[in-house]
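Quick note: numbers below take in every heavy atom, side chains included, and nothing from hydrogens, waters or symmetry partners. Positions are given from 1 along the sequence.
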Amino acid sequence: MIKVGDTLPSTTLMEFIEIEGEGCSIGPNPVEVSKATAGKTIALFALPGAFTPTCSAQHVPGYIQHFEAFKVAGVDEIWCISVNDAFVMGAWGRDQKTAGKVRMLGDGSAAFTTAAGLVLDLTAKGLGVRSHRYSMLVKNGVVQTLNLEDGGKLEVSGAETLLAQAKAA
């Protein structure tokens with residue numbers, strides 16, 4: 001499993017962009033993790049699935065609510081990663097009103113999650129391979145903090161915990 005001091009896996013995530021912009025076309029766009037984190041501080045959090053109750057009601061809203069405070073603390077971007085495709089993540093981002101605040105990144109084949117050693121196998125519950133719930137502060141692609149949840153809880157990976165760590169970094 002990935003740990004503090006490790007470099008993020010050099011994989012590609014996918015992002016659905018709603019509005020065509022400079023360098024970003026509409027539709028699923030590849031996000032090469034190593035390039036996208038270079039020279040940046042990223043508040044990254046991951047969760048088991050889009051549109052799930054805890055993720056939608058608590059986890060994502062906390063990061064949206066604290067967006068400005070993360071910026072003041074020196075965070076360049078906030079990333080939400082889930083083992084869902086880019087279309088689902090884009091729809092969930094619309095639903096959660098994340099535009100301009102949280103990048104909703106799909107790890108559809110679980111390549112990033114597997115390489116990080118953070119797979120949560122929920123096959124027995126009919127949900128397949130998912131991601132553990134966690135958060136991390138990443139600087140220039142290197143993990144500075146890692147907050148891994150125990151089971152289905154949301155106690156250490158929320159925005160408040162990661163924001164406090166970003167302020168202290």
To check you understand the geometry: which heavy-atom pair defines the closest contact between [X] and [Y], and what is its length?
{"X": "A110", "Y": "V129", "result": "CB-CG1, 4.2 Å"}
{"X": "G49", "Y": "R130", "result": "CA-NH1, 3.5 Å"}
{"X": "V75", "Y": "A166", "result": "CG2-CB, 4.0 Å"}
{"X": "G117", "Y": "M1", "result": "O-CG, 3.7 Å"}
{"X": "F51", "Y": "V88", "result": "CE1-O, 3.9 Å"}
{"X": "F87", "Y": "P28", "result": "CZ-CG, 3.4 Å"}

**Q.** Residues M104, E15; criterion side-chain contact (heavy atoms from CB on, under 4.5 Å); working and verdict
**A.** CA-CA 6 Å; M104 304 299 279; E15 182 175 31; over 6 Å; no

Note, [X] side chain near [Y] side chain (heavy atom, < 4.5 Å):
{"X": "T98", "Y": "I64", "answer": "yes"}
{"X": "S131", "Y": "S82", "answer": "no"}
{"X": "L163", "Y": "K167", "answer": "yes"}
{"X": "I2", "Y": "P9", "answer": "yes"}
{"X": "L8", "Y": "L44", "answer": "yes"}
{"X": "V4", "Y": "D6", "answer": "no"}
{"X": "V156", "Y": "E149", "answer": "yes"}
{"X": "Q58", "Y": "P53", "answer": "no"}

Q: Could you walk me through whether L47 and V60 pass the side-chain contact (heavy atoms from CB on, under 4.5 Å) test, one step at a time?
A: CA-CA 9 Å; L47 29 78; V60 173; 4.1 Å; yes

Group every Ile, Leu, Val, Met, Phe, Trp and Tyr by side-chain heavy-atom contacts under 4.5 Å, then state whether [X] and [Y] land in the same group.
{"X": "L162", "Y": "V143", "result": "no"}
{"X": "V31", "Y": "F112", "result": "yes"}
{"X": "L118", "Y": "V33", "result": "yes"}
{"X": "W79", "Y": "M136", "result": "yes"}
{"X": "I81", "Y": "V83", "result": "no"}

As an exercise, state the distance from [atom1] of [X] to [atom2] of [Y], rounded to the nearest 0.5 Å.
{"X": "L105", "Y": "M14", "atom1": "CG", "atom2": "CE", "value": "10.5 Å"}
{"X": "T37", "Y": "K40", "atom1": "OG1", "atom2": "NZ", "value": "8.5 Å"}
{"X": "L146", "Y": "S135", "atom1": "CG", "atom2": "OG", "value": "7.5 Å"}
{"X": "F70", "Y": "K101", "atom1": "CZ", "atom2": "NZ", "value": "13.0 Å"}

Taking [X] for the side chain and [Y] for the main chain, is one N or O donor matched with an acceptor at less than 3.5 Å?
{"X": "D107", "Y": "A111", "result": "yes"}
{"X": "E77", "Y": "R103", "result": "no"}
{"X": "N84", "Y": "G106", "result": "no"}
{"X": "D76", "Y": "I42", "result": "no"}

Is a donor from one side chain sitting under 3.5 angstrom from an acceptor on the other, for [X] and [Y]?
{"X": "H66", "Y": "E160", "answer": "yes"}
{"X": "W92", "Y": "S56", "answer": "yes"}
{"X": "T161", "Y": "N147", "answer": "no"}
{"X": "T12", "Y": "E32", "answer": "no"}

Q) Got a sec, which residues hit ring pair (Phe, Tyr, Trp, His ring centres under 6.0 Å) with F45, two or more places apart in sequence or on another chain? A) H59, Y63

Q) Checking side-chain contact (heavy atoms from CB on, under 4.5 Å) for the pair R133/L154: CA distance, chi angles, key distance, verdict? A) CA-CA 8 Å; R133 184 183 308 278; L154 176 56; 3.9 Å; yes

(Q) Test side-chain contact (heavy atoms from CB on, under 4.5 Å) on H132 and L148; report intermediate values, then the result. (A) CA-CA 7 Å; H132 273 283; L148 181 62; 3.7 Å; yes

